[in-house]
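See below for the structure under consideration.
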Amino acid sequence: MKQLDVRLYEYLLAKLPEITTSWLAMRKIEKDSIYSLSAHPEMEETLREQNRLTNLTVISSLLDDPEIFEKNKIKWAAVVALSRVNSNTPIEEVIEALSKLRLTYWRLINEFQLANVDEIKLEDYMRWSETINSAFDQIYINFAETYNEYINSKFDIQQSLINELSSPIIKITDKIGVVPLIGDMDELRARIMLESIPERSLESDIEHLFIDLSGVTVIDTLVAQKIFQVTKVLSLLGTKCTITGILPAIAQASTELGLDFTNIQTFSSLQLAFSKEFIIVEQ
């Protein structure tokens, strides 16, 4: 590691508080932004702590060991990306904030160059330019990748929860349950239903399951096939299946597909099915 690089590293390290203060001073009032000048003091303290981590990461790029920068970069991206996802901060706001920080670095490097003008050559300045700019470019990329991973993970969790709630098994008795399906029924939702309903039926010890389609607004032939498969899987598991609220169009589409529902009880409404299943004794 060149002696001048060591001195620049130590110079920037000593300037960490100044770098953060200068960066924070570049903020302006922005609505609903963690980078806003009017943000809560606790948020400013969080930004200050995270900016210190950012600076330590960028400055470590001047060291001879690239593994140090790589480890710092990964740690920084994990901390900051998770924080920005949790605060619903758009990725472009983060990139803009990092760009402002880059400007602060070049102001300090220019000051260092002016203070050591007799020692610093053009090749030194060009080397620092390549190193620092490359460091910022890499953390941009690493942040974007980590940010997207967190977003996708968050979306997957939310989608799984939505899918789980969209086909719940409601127990009527210890052995009887109902699955009221509501809304559009596309192929993805039908596939998830096929995977989840039999498993939940076993977990709940259901012997007779009613699948009510009266609340389904859109359904096609592929979905009809999935529903038929669900009934077959339930039958193999020893669970009796009754379909209610099936529309004439679906019944016709099922017939055209060669789906044989003759061994499966079907009713026009859940109420009618219950009247056949349960005996009501009048007092």
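Worth knowing before you read on, the calculation uses all heavy atoms, side chains too, and leaves out hydrogens, waters and symmetry mates.
- Using a 4.0 Å cut-off between charged nitrogen and carboxylate oxygen, Glu93 and Arg84 do not count as a salt-bridge pair.
- Checked against side-chain contact (heavy atoms from CB on, under 4.5 Å), Lys71 has no partners two or more places apart in sequence or in another chain.
- Glu149 and Ser153 are not linked by any side-chain donor-acceptor pair at a separation below 3.5 angstrom, with hydrogens and angles left out of the test.
- Applying the 4.5 Å side-chain rule to ILVMFWY residues, one finds Leu37 in the same cluster as Ile29.
- Nearest heavy atom pair, residue Leu12 against residue Ile19, reads O-CD1, 4.0 Å.
- Taking the six-membered ring where the residue is Trp, Phe210 and His208 present parallel rings, their angle staying beneath 30° rather than reaching 60°.
- Side-chain contact annotation: Trp76 with Asn142, donor-acceptor N/O pair under 3.5 Å absent.
- Thr20 and Arg52 make their closest contact through OG1-N, 4.3 Å (heavy atoms, listed as atom of the first residue, atom of the second, distance).
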side-chain hydrogen bond (donor to acceptor under 3.5 Å, both in side chains) assessment of Asn148 paired with Asn152 = CA-CA 6 Å; Asn148 287 331; Asn152 291 334; 6.0 Å; no
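- Residue-environment remark: CD (Glu30) exceeds the threshold of 12 foreign heavy atoms within 6.0 Å.
- No hydrogens or angles considered: a donor-acceptor pair under 3.5 Å links the side chains of Ser22 and Arg107.
- Using cut-offs of 30° and 60° for the angle between ring planes, the Tyr11 and Phe112 rings count as tilted.
- A donor-acceptor pair under 3.5 Å is absent between the side-chain atoms of Ser36 and the main chain of Ser33, judged by distance alone.
- Between the side chains of Thr89 and Tyr35, not a single donor N or O lies within less than 3.5 Å of an accepting N or O.
- Counted by atom type alone, Ser83 and Gln50 present one or more donor-acceptor pairs between their side chains at under 3.5 Å.
- In this structure, Asp5 pairs ionically with Arg127, as a charged nitrogen and a carboxylate oxygen lie closer than 4.0 Å.
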Evaluate the criterion ring pair (Phe, Tyr, Trp, His ring centres under 6.0 Å) for residue pair Tyr105 and Phe136; output intermediate values, then yes/no.
-> CA-CA 11 Å; Tyr105 270 82; Phe136 271 99; 5.6 Å; yes
